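Worksheet for the structure shown next.
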There are 2 protein chains.
Amino acid sequence: MSEEKHSGGRPRDADAAASIKAATLKLVRERGYNKVSIAAIASAAGVARQTLYNRWSTKADLVLEAVFEETGHYADAPLHNPNKSCKLQLEAFLIQVFTHLKESGSPIRSLIAAAQDDPAFREALRERFVKPREVLVIDLLQRAQDQGELSRTRDVKMLSNFIHGAFWYALLNGEPVDARLARDIANEIFVA
Amino acid sequence: MSEEKHSGGRPRDADAAASIKAATLKLVRERGYNKVSIAAIASAAGVARQTLYNRWSTKADLVLEAVFEETGHYADAPLHNPNKSCKLQLEAFLIQVFTHLKESGSPIRSLIAAAQDDPAFREALRERFVKPREVLVIDLLQRAQDQGELSRTRDVKMLSNFIHGAFWYALLNGEPVDARLARDIANEIFVA
DNA sequence: CTAGATAGTAGACCGCAGTCTATAAACTTA
DNA sequence: TAAGTTTATAGACTGCGGTCTACTATCTAG
């Protein structure tokens, strides 16, 4: 499954991808997406620029993979805890997502920016970042409806859009994305 | 007020700004933000590139001004109509905003993208595009509370974030931003 | 061992946003 | 008129993302 056919030809350097991703993550976190050049990443990883383009077609693709290598990881822990109310589970989930954003929010904003002029990359970002979180939130809201914590009259898909939209809006407008926002969102979604 | 001091020196070409903005709007709508170069705009406007940079410091600044020259214009008509419910007023307002987006949504997405790596421009975009619409929506929701159409327990600032976040989220993720979305948002905000 | 295929490297190349310089043009003040 | 100031223009320049080419290295199939 992870083995490509490779019927002849020089094999890819086994370590290159890992060292490129490591250099990318390090440099992007230190200096920011736009202040890191592909040349600097290749140099730090000890490879030629073309080696990098053999594996990722754009800078955005590379940074996406470097930043989200461990994902789901940031999008599944605190769900489905039957001891807490769904409202508190939502708040905990958002706090977890926002904690991740504290570390990676800046490159993620740059990735959202890059997606605006590259439909293929927008789809990749959607698969990697957007959809997994939508699924978790929608599932949580449906459980809340099943347990009577949320009215059946509410449109869970639109509520999910409200939730994600609210933090995207804050993120992209440079407003704080923190525990307070998580609490305010959860309170307003589960308003009596 | 509109007169600068101008104590000596060659005066600015009075027509240059207008023709640059006209060329910008035309080319950006025809080809898209990233496929139009500053050189092409300057050439179409019949000026040197530097003349353009004498008036706007970045491409994003120029496009912002070209796209929003007539604003408020897109952010004030249907509000405050006492014959319609606040819910319908919100829906009408959103339809109007989304109609504008049908024409200018692509450059606006590019402007939001450009704002992610330029704090000064993010502030400019906020003043020109974000805040005016927030003010209108918050005002409408407060009127709804005054008239009893919306519960006093709701947090109008967060509801405004939900509303704007929902269409930013749809816009930036390439989902349709249309009359249906306007109706679904209004319905969910004013859910019984 | 040979032929073919694929990968790595170095470096040229393109188009772009944005900066800078030199020169000419158009104004104000003395 | 002369000096000083600001603008317009043309064009060189930098750094970037991304492409392309020429050459070398390493694999598989026969």
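Below, chains carry the letters A, B, ... as their sequence lines are ordered, and counting in each starts from 1. What you see is a predicted model; the values in this text were computed from it and never measured.
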To the nearest angstrom, how far is R12(A) atom CZ from dA7(C) atom P? 5 Å

Length of the CD1-P vector between I41(B) and dG15(C), whole Å: 18 Å

Whether K21(A) and E65(A) form a salt bridge (side-chain N of Lys/Arg under 4.0 Å from carboxylate O of Asp/Glu) is what I want to check. yes

Hey, does D13(A) reach any base, or is it just sugar-phosphate, or nothing, if we go heavy atoms under 4.0 Å? sugar-phosphate

Map G46(A) and Y33(B) onto DNA chain C by nearest heavy atom, then report which one ends up closer to the 5' terminus. G46(A)

For the pair made of CG in L52(A) and P in dT19(D), what is the distance, rounded to whole Å? 12 Å

Starting at the 5' end of DNA chain C and moving along, which residue's nearest nucleotide shows up first, V36(B) or G9(B)? V36(B)

Below 4.0 angstrom from OP1 or OP2 of dT6(C), is there any side-chain N or O of R55(A)? no

Rounded to the Å, how far apart are N34(B) CG and dG17(D) P? 15 Å

Hey, are R180(A) and D184(A) close enough for a salt bridge, meaning a charged N less than 4.0 Å from a carboxylate O? yes

Among dG17(D), dC27(C), dA17(C), which nucleotide has an atom closest to any side-chain atom of K59(B)? dA17(C)

Starting from C1' on dA22(D), measure out to CD on Q50(A) and report it in whole angstrom. 13 Å

Answer yes or no: is there an ion pair linking D139(A) with R143(A), defined by an N-O contact shorter than 4.0 Å? yes

Within less than 4.0 Å of OP1 or OP2 of dA8(D), is there a side-chain N or O belonging to R10(B)? no

Whole-Å gap separating P (dC16(D)) and OH (Y53(A)): 12 Å

Any side-chain N or O of N54(A) less than 4.0 Å from the OP1 or OP2 oxygen of dG8(C)? yes

Hey, does the side-chain of R49(B) have a donor or acceptor N/O within less than 3.5 Å of a partner on the base of dG18(C)? yes

Decide, yes or no, whether a salt bridge links E188(B) with K87(B) under the criterion of side-chain N to carboxylate O below 4.0 Å. no

Choosing from dA7(C), dC27(D), dA26(C), which nucleotide comes nearest the side chain of P11(B)? dA26(C)

Nearest-angstrom distance from the residue atom CZ of R31(B) to C1' of dC16(C): 14 Å

Nucleotide dA17(C), atom P - distance to CG of L27(B) in whole Å: 12 Å

D61(A) and R128(A) ion-paired at < 4.0 Å: no

Regarding the side chain of V47(B), the nearest nucleotide among dA26(C), dG18(D), dT9(D) is dT9(D)

Please state whether the phosphate of dT7(D), meaning OP1 or OP2, lies under 4.0 angstrom from any side-chain nitrogen or oxygen of T51(B). no

